[in-house]
Number of protein chains: 2
Amino acid sequence: MSEEASYKIGDLARMFGITARAIRYYEELGLLESDDRDGSEHRRYSERNAVRIKRIQQLKDYGLTLAEIHELFDLAKNDRTGDSVRTSLAAKYRARLEDAEHRRAALDGYIEDLSWHIEQLDKVHDFFDCPGAACASCRWSDRCDVRLLVAKGS
Amino acid sequence: MSEEASYKIGDLARMFGITARAIRYYEELGLLESDDRDGSEHRRYSERNAVRIKRIQQLKDYGLTLAEIHELFDLAKNDRTGDSVRTSLAAKYRARLEDAEHRRAALDGYIEDLSWHIEQLDKVHDFFDCPGAACASCRWSDRCDVRLLVAKGS
DNA sequence: CATGAAATTGACCTTTAACGTAAGCTTTTC
DNA sequence: GAAAAGCTTACGTTAAAGGTCAATTTCATG
């Protein structure tokens with residue numbers, strides 16, 4: 001709160017275990033700004049900038065792409081504006097939410113299948129090649145539409 | 001069950017809305033085999049092969065990469081073997097399961113955060129740049145270790 | 001058997017992500 | 001006044017899932 005910290009790009013790189021190139025790249029993408037203090041040629045970074053990098057790392061670890069992070073930052077930036085923007089923001093968030101929930105559902109299906117497969121390891125069944133209908137114990141039967149194959153074939 | 005269907009590569013391509021190149025590519029990766037019936041130069045496909053492609057599509061829609069699908073097929077192929085193999089298989093499955101559950105947890109976190117953000121749209125707060133400790137209402141406070149910044153800085 | 005449609009192999013091309021790496025030059029810092 | 005660090009520019013990288021020629025061959029059919 002008292003002294004204004006001022007880092008050089010290499011400092012931040014060391015602090016976060018990334019390269020200077022990465023930091024410049026973030027700037028290039030518009031994820032980060034440098035202070036560019038007193039017209040020097042070298043970038044200068046404040047504590048605030050450092051925090052920003054930490055955010056980027058967190059969100060990255062989190063699975064987001066830099067583009068997604070950019071989106072979030074942009075949204076946050078616009079957060080200070082009026083109500084109309086606010087509602088459009090809400091819409092965007094909700095879209096992303098739906099998307100994520102969709103991906104989650106897919107993952108859940110995958111997990112379920114894998115769990116099932118683990119359980120079934122002793123009752124081995126060749127479900128990968130089973131056409132479904134002909135096979136009583138085939139768990140794929142509801143997903144494998146053999147009629148589709150037959151109908152579309154000549 | 002009576003007539004043995006025999007498709008040409010173009011038939012399957014049309015049936016599944018993919019290109020012949022894609023089908024050959026699957027073969028190239030070892031995901032698919034053609035019957036190569038009676039030494040003809042042109043590939044021939046049985047109903048079984050067609051089902052296989054359908055499986056590939058399902059698993060793909062599902063979010064798996066072709067490499068992952070390959071793994072699954074290999075595992076399924078090995079399913080017919082003895083007990084020692086069986087247990088090592090179980091281990092592999094469980095590893096993948098853990099992996100998937102980890103990804104799921106990350107996604108859940110993302111969903112949670114997004115939901116929170118939607119809720120908070122009217123109590124706007126600049127949490128992206130907030131260092132955490134100094135800010136009481138900052139939800140990042142527990143994740144943002146400012147001491148880390150201070151400690152590692154010169 | 002002639003011919004047009006469909007298949008074959010092989011090789012290179014494409015796109016996106018997130019930087020890596022090198023070159024040549026300038027600025028700080030000791 | 002060097003060495004160390006930084007600057008810009010620009011091309012390289014890796015992986016995924018095919019796309020796109022190209023030159024040649026095979027299949028099906030009247």
Side-chain angles (χ1 to χ4, degrees), chain A residues 6-46 49-50 52-73 99 103 106 153-154, chain B residues 6-46 49-50 52-73 99 103 106 153-154:
Chain A
S6 180
Y7 304 110
K8 288 183 290 183
I9 198 168
D11 298 334
L12 291 187
R14 245 164 281 123
M15 278 165 71
F16 294 108
I18 57 182
T19 65
R21 173 68 173 101
I23 296 178
R24 289 192 206 102
Y25 182 60
Y26 295 157
E27 182 179 328
E28 206 177 303
L29 292 188
L31 284 176
L32 184 67
E33 283 160 23
S34 51
D35 281 1
D36 203 39
R37 200 146 121 173
D38 58 60
S40 160
E41 292 295 314
H42 290 191
R43 292 170 179 80
R44 279 308 171 132
Y45 298 93
S46 63
N49 296 139
R52 197 70 180 246
I53 292 179
K54 191 154 184 52
R55 294 287 169 268
I56 294 175
Q57 303 243 295
Q58 288 172 337
L59 294 170
K60 240 166 69 81
D61 287 350
Y62 205 61
L64 301 200
T65 67
L66 294 184
E68 289 175 310
I69 295 173
H70 192 210
E71 269 184 68
L72 285 181
F73 283 173
D99 196 74
R103 260 153 44 213
S154 73
Chain B
S6 181
Y7 305 109
K8 286 182 290 184
I9 198 167
D11 298 334
L12 290 187
R14 246 163 280 122
M15 277 165 69
F16 293 108
I18 57 181
T19 65
R21 173 68 174 99
I23 295 179
R24 289 192 206 101
Y25 182 59
Y26 294 157
E27 183 180 326
E28 207 177 301
L29 293 187
L31 284 176
L32 184 67
E33 281 160 24
S34 50
D35 281 0
D36 202 39
R37 199 148 122 174
D38 57 62
S40 160
E41 291 297 314
H42 289 192
R43 291 170 178 81
R44 278 310 172 129
Y45 298 93
S46 63
N49 296 139
R52 198 70 180 246
I53 293 179
K54 193 156 183 51
R55 292 287 169 270
I56 294 174
Q57 303 244 294
Q58 289 173 336
L59 294 170
K60 239 166 67 81
D61 287 350
Y62 207 62
L64 301 200
T65 68
L66 295 184
E68 288 174 310
I69 295 173
H70 192 213
E71 270 183 67
L72 285 180
F73 283 172
D99 197 73
R103 261 153 44 212
S154 73

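Lettering follows sequence order; numbering is per chain, from 1.
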* Starting from P on C:dC12, measure out to CZ on B:R21 and report it in whole angstrom. => 14 Å
* Answer yes or no: does a side-chain N or O of B:R43 lie under 4.0 Å from OP1 or OP2 of C:dT9? => yes
* If you find the nucleotide of DNA chain C closest to B:R24 and the one closest to A:I23, which residue's nucleotide is nearer the 5' end? -> B:R24
* Asked: Taking only N and O in the side chain of A:T65, is any of them less than 4.0 Å away from OP1 or OP2 of C:dT16?
  -> no
* Atom-to-atom span, CG of A:L32 to P of C:dC19 - whole angstrom -> 13 Å
* How long is the line joining CD1 of B:I69 and P of D:dA16, in whole Å? -> 12 Å
* Taking the side chain of B:Y25 as heavy atoms from C-beta outward, which of C:dT27, D:dA17, C:dT8 is closest to it? -> D:dA17
* Asked: Can a salt bridge be assigned to the pair A:R52 and A:E27 using a cut-off of 4.0 Å between side-chain N and carboxylate O?
  -> no
* Asked: Taking only N and O in the side chain of B:Y26, is any of them less than 4.0 Å away from OP1 or OP2 of D:dA17?
  -> no
* **A:Y45 OH - D:dA5 P separation (whole Å)** => 16 Å
* To do: List the steps and the verdict of side-chain contact (heavy atoms from CB on, under 4.5 Å) for B:K8 and B:R14.
  => CA-CA 10 Å; B:K8 286 182 290 184; B:R14 246 163 280 122; over 6 Å; no
* To do: Measure the distance from CD on B:E28 to P on C:dG10 and round it to the nearest whole Å.
  => 10 Å
* To do: Choose from D:dA10, D:dC7, D:dT26 the nucleotide whose nearest atom is closest to any side-chain atom of A:H42.
  => D:dC7
* Under 4.0 Å between a side-chain N or O of A:K8 and OP1 or OP2 of D:dC7? -> no
* Tell me whether the OP1 or OP2 atom of D:dG18 has a side-chain N or O from B:T19 closer than 4.0 Å. => no
* Rounded to the nearest Å, what distance is computed from the CZ atom of residue B:R14 to the C1' atom of nucleotide C:dA6? -> 9 Å
* Using whole Å, report how far CD1 of B:I9 lies from C1' of D:dT26. => 14 Å
